[in-house]
Structure formats: C-alpha cells, structure tokens
Amino acid sequence: MNEKVKGRIYDIQGYSVHDGPGIRTTVFLKGCPLTCLWCHSPESQRNDFELAWFAVRCVGLEKCGLCLKACPQGALSQASPEKSVLDHSLLTKISIDRSKCDNCLTCASACPSKALTSSGYDTTVEEVYRRVAKDRHYYGEDGGITISGGEPMAQFTFTYELAKRCKQDKLSVCLDTTGYAPGENYDRVLPYIDLFLFDLKHMDTKKSRKFVGAGNDLILANAKRIAENGGKLQIRIPVIPKLNASNENLIRTAQFCQELGQAVTLVQLLPYHAMGISKYVRIGRNYKLVNITPPSDEEMQKYLELIQSFGLPAQIH
Ligand code: SF4
Ligand code: SF4
C-alpha cells in the first residue's frame, strides 16, 4: 500500500446525499476522457490546473489590485462598470483575457481573498483518507466515501490506493464512473468497491460519440465485466431532452440493465439541469448546450414507469 501516492482533486464535499447510499463524503478528482455536452462540472474535465474567478469574493480594485500587478502576461484589466455591476457589486472588479492567460496562477497566489484561485490541488491518499475518516461518525450503516470526478479511473493509481486505504479501515466505498477506462483496471479496483455508480448515457454508439466524445463499446463492456466479476452497479442515466431522452434509448438501456441481472441494485434517472452554467463562466469556458429545457415532472414519471416496466428497481434522482 502506498499512502503517499499523489492525486489531483478539485473538491471534497461532506454530508453528501446524492452520491450513493446513505450520507457520504465525496472526493472529486480532476480529469475526464469524455466531453459530455451537459457536463455540470466543467472544472473537473481537464487534469491541468485552471484559473477560477469568484467575483463576489473580490474586494475591488479600489482597495486592492494586487492581481493586476502580479500577472506577467498582462491578462488582467479593470472590468467595465457594466460588468462590475453584473457581478452584483458596486466595486470595480477585474476582467480576465483568457487568450493571454497561461494559467500560471501567479495572480491566485497574490489574491488575498481567493477571488482568483486554482480549480484544483494536489494531495496524497493519506491526506484524503484522514479528511474522509473525520466524517465517519455520520456515515451510519449505509454511508461512506464516494470517489468521483471527473473520471476517477483516469487517475487510476490514486483511486486504487484510496479505495484500498478506506476499505482497510472498513469504510464503504462507492466509485462514480463513466465506465470509460481500461477493463483490467476495473478488475483490480473491484475488491475495494462496494458499489459502482455507473453512467449509461447513450445506447447508440454514434450518438454517444457525438454527445460525450466517445463511442459506448468500452463502457458497455465494462458494465458487463463488473457484473460478471461480482460487482454491484447503480446505473445512472442523465435524461437530456433532444439528446438521449427518448423511449427508444431508454428501452435499449433498460434491456441492457436486464442483461446485467442481479448486479444492478438500482437505476437512477437524473433529469437535466443547467445549474452548472455559472461554473463555465467562472473558468472562462463556453457552455455549448443551449436551448435545452429540463424535462417536466410528467416526462420524468413516464420514463420512470418505462424503466420499471422492465422489472428494474428505479427512481428519479
Ligand atoms: S493565471 Fe497567470 S497569466 Fe493568467 S491571469 Fe493569473 S497571473 Fe495572469
Ligand atoms: S487580488 Fe483578488 S481581491 Fe484583489 S483585486 Fe485582484 S481579484 Fe480582487
């Protein structure tokens, strides 16, 4: 066991009730091989550090301005008054020219209020384990740690060692995965994972390539592989109108889940939402999925009943 193995994460959230059974602590790793159009964690997509901007934390150029002086690229300037007002503040804020910024993070080191900050940091297995173990008093029988991302399997050694460390201390471990990673790595980590939270985004491989940046062959093969090797799967289906929310896709997904048999403990339907848009603004990226409205409660209920009609345990998340 190597507790000094380093990983790059962007957040640890305690008291999470959305990332597996019970109350959990979720560790979010940076980096993902997929590029889902609806991703609501854009800061998780790249493994590199990125400059993030939290306008409300800035004390204003009148009082500070340290970042402007620090930037070696001249990428920072005074924001126009309209833009500062858009930041819901009467203070004069900064504007970032992302075409000049090389993410050196010198300004983040200079910023006393963390208005400019890095979207990730490096840590070790032991440091994360210690943080997670602090929360064990509220895990109860069902809760524990969830290793999420990004795609945690993209930092395989860190994920593997962290899962092993937590299991050594009898913590329940969930792994939230896209399924897009080498099959043999799922075999290796499986003994330390109580439940895989496994995304099934599209059953049509061409549409999968278009919407998430990769075909689904490896993903489906890994779901089968985990099931055949005795792993447990909670299948998660993001329901995105116009992209994958169709009877045809959900029927094919349900049929596939049936093939996985008893390995499937639950199928969760996750209705599309656009709450991650502000995060795109924060790191200077464009949100490509416009003109999509969340599915109505009636539509979600219809999809839920469709999945349940295949005899699968299912819920809307
Ligand atoms: S990250 Fe570096 S280049 Fe970018 S704005 Fe900050 S100091 Fe300038
Ligand atoms: S250093 Fe931070 S607080 Fe100061 S002006 Fe720049 S962003 Fe605002």
Side-chain angles (χ1 to χ4, degrees), residues 5-14 26-124 127-128 131 148-152 154-155 157-159 213 274-290:
V5 167
K6 280 198 166 179
R8 184 161 291 176
I9 72 174
Y10 70 92
D11 203 7
I12 298 180
Q13 275 175 16
T26 306
V27 181
F28 294 94
L29 276 64
K30 252 180 99 56
C32 181
L34 302 186
T35 50
C36 304
L37 292 176
W38 54 86
C39 179
H40 52 76
S41 305
E43 72 276 38
S44 75
Q45 290 179 324
R46 295 184 190 159
N47 185 261
D48 296 334
F49 294 129
E50 288 170 278
L51 180 65
W53 164 237
F54 293 81
V56 287
R57 295 184 192 162
C58 176
V59 298
L61 284 175
E62 296 84 350
K63 285 191 189 157
C64 179
L66 290 170
C67 55
L68 260 69
K69 290 181 198 136
C71 177
Q73 304 297 337
L76 302 176
S77 59
Q78 183 173 325
S80 62
E82 307 84 62
K83 216 157 175 225
S84 293
V85 170
L86 279 179
D87 289 342
H88 306 292
S89 160
L90 294 174
L91 303 167
T92 309
K93 300 291 179 70
I94 62 154
S95 173
I96 306 168
D97 183 344
R98 295 274 177 178
S99 67
K100 291 185 184 167
C101 173
D102 63 2
N103 284 311
C104 71
L105 301 173
T106 308
C107 56
S109 305
C111 177
S113 62
K114 296 204 184 314
L116 289 162
T117 186
S118 168
S119 65
Y121 59 98
D122 289 337
T123 183
T124 64
E127 280 165 351
V128 174
R131 164 66 191 83
S148 182
E151 171 48 69
Q155 295 188 58
T157 307
F158 181 76
T159 293
M275 286 186 286
I277 291 181
S278 61
K279 296 184 189 174
Y280 282 79
V281 175
R282 207 178 280 161
I283 56 170
R285 239 164 311 133
N286 290 328
Y287 186 65
K288 295 186 189 131
L289 208 61
V290 287

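Counting convention: from 1, in listed order, for ligands and their atoms alike.
- Taking every heavy atom of G65 and a limit of under 4.0 angstrom, the matching atoms of ligand 2 come to 4 (Fe), 5 (S).
- Look at C58 and atom 6 (Fe) of ligand 2: no N/O/S atom of the residue is under 2.8 Å from the metal.
- Of the charged side-chain nitrogens involved, none lies within less than 4.0 Å of a carboxylate oxygen, so that E43 and R282 do not count as a salt-bridged pair.
- Less than 4.0 angstrom separates some heavy atom of V59 from each of these atoms of ligand 2: 3 (S).
- With ligand atoms numbered from 1 in the order given, ligand 2 contributes 1 (S) to contacts under 4.0 Å with heavy atoms of P112.
- Considering only heavy atoms from C-beta on, L51 stays 4.5 Å or farther from I283 through its side chain.
- Test D97, D102, T106, N103 against Q73 for side chain to side chain donor-acceptor pair (under 3.5 Å) and you get one pass: D102.
- Remark: ligand 1 atoms within the under-4.0 Å shell around heavy atoms of P72 are 7 (S).
- When every heavy atom of S148 is checked against every heavy atom of T26, the shortest pair comes out as CB-CG2, 3.7 Å.
- With hydrogens and angles ignored, the 3.5 Å screen pairs a side-chain donor or acceptor of R8 with a backbone N or O of N47.
- Those atoms of ligand 2 with a heavy atom of W53 less than 4.0 angstrom away are 7 (S).
- Of all protein atoms, those that are N, O or S and lie under 2.8 Å from atom 4 (Fe) of ligand 1 total 1.
- Under the 3.5 Å distance criterion, the side-chain polar atoms of S119 are matched with a main-chain donor or acceptor of E50.
- Put simply, the side chain of I9 reaches to within 4.5 Å of the side chain of Y121, judged on heavy atoms.
- Remark: side-chain polar atoms of K30 are not paired, donor with acceptor, to backbone N or O of F49 under 3.5 angstrom.
- Close approach of ligand 2 to C67 (heavy-atom distance below 4.0 Å) involves ligand atoms 1 (S), 5 (S), 6 (Fe), 7 (S).
- When each of W38, W53, Y287 is tested with Y280 by the rule ring pair (Phe, Tyr, Trp, His ring centres under 6.0 Å), just one qualifies, namely Y287.
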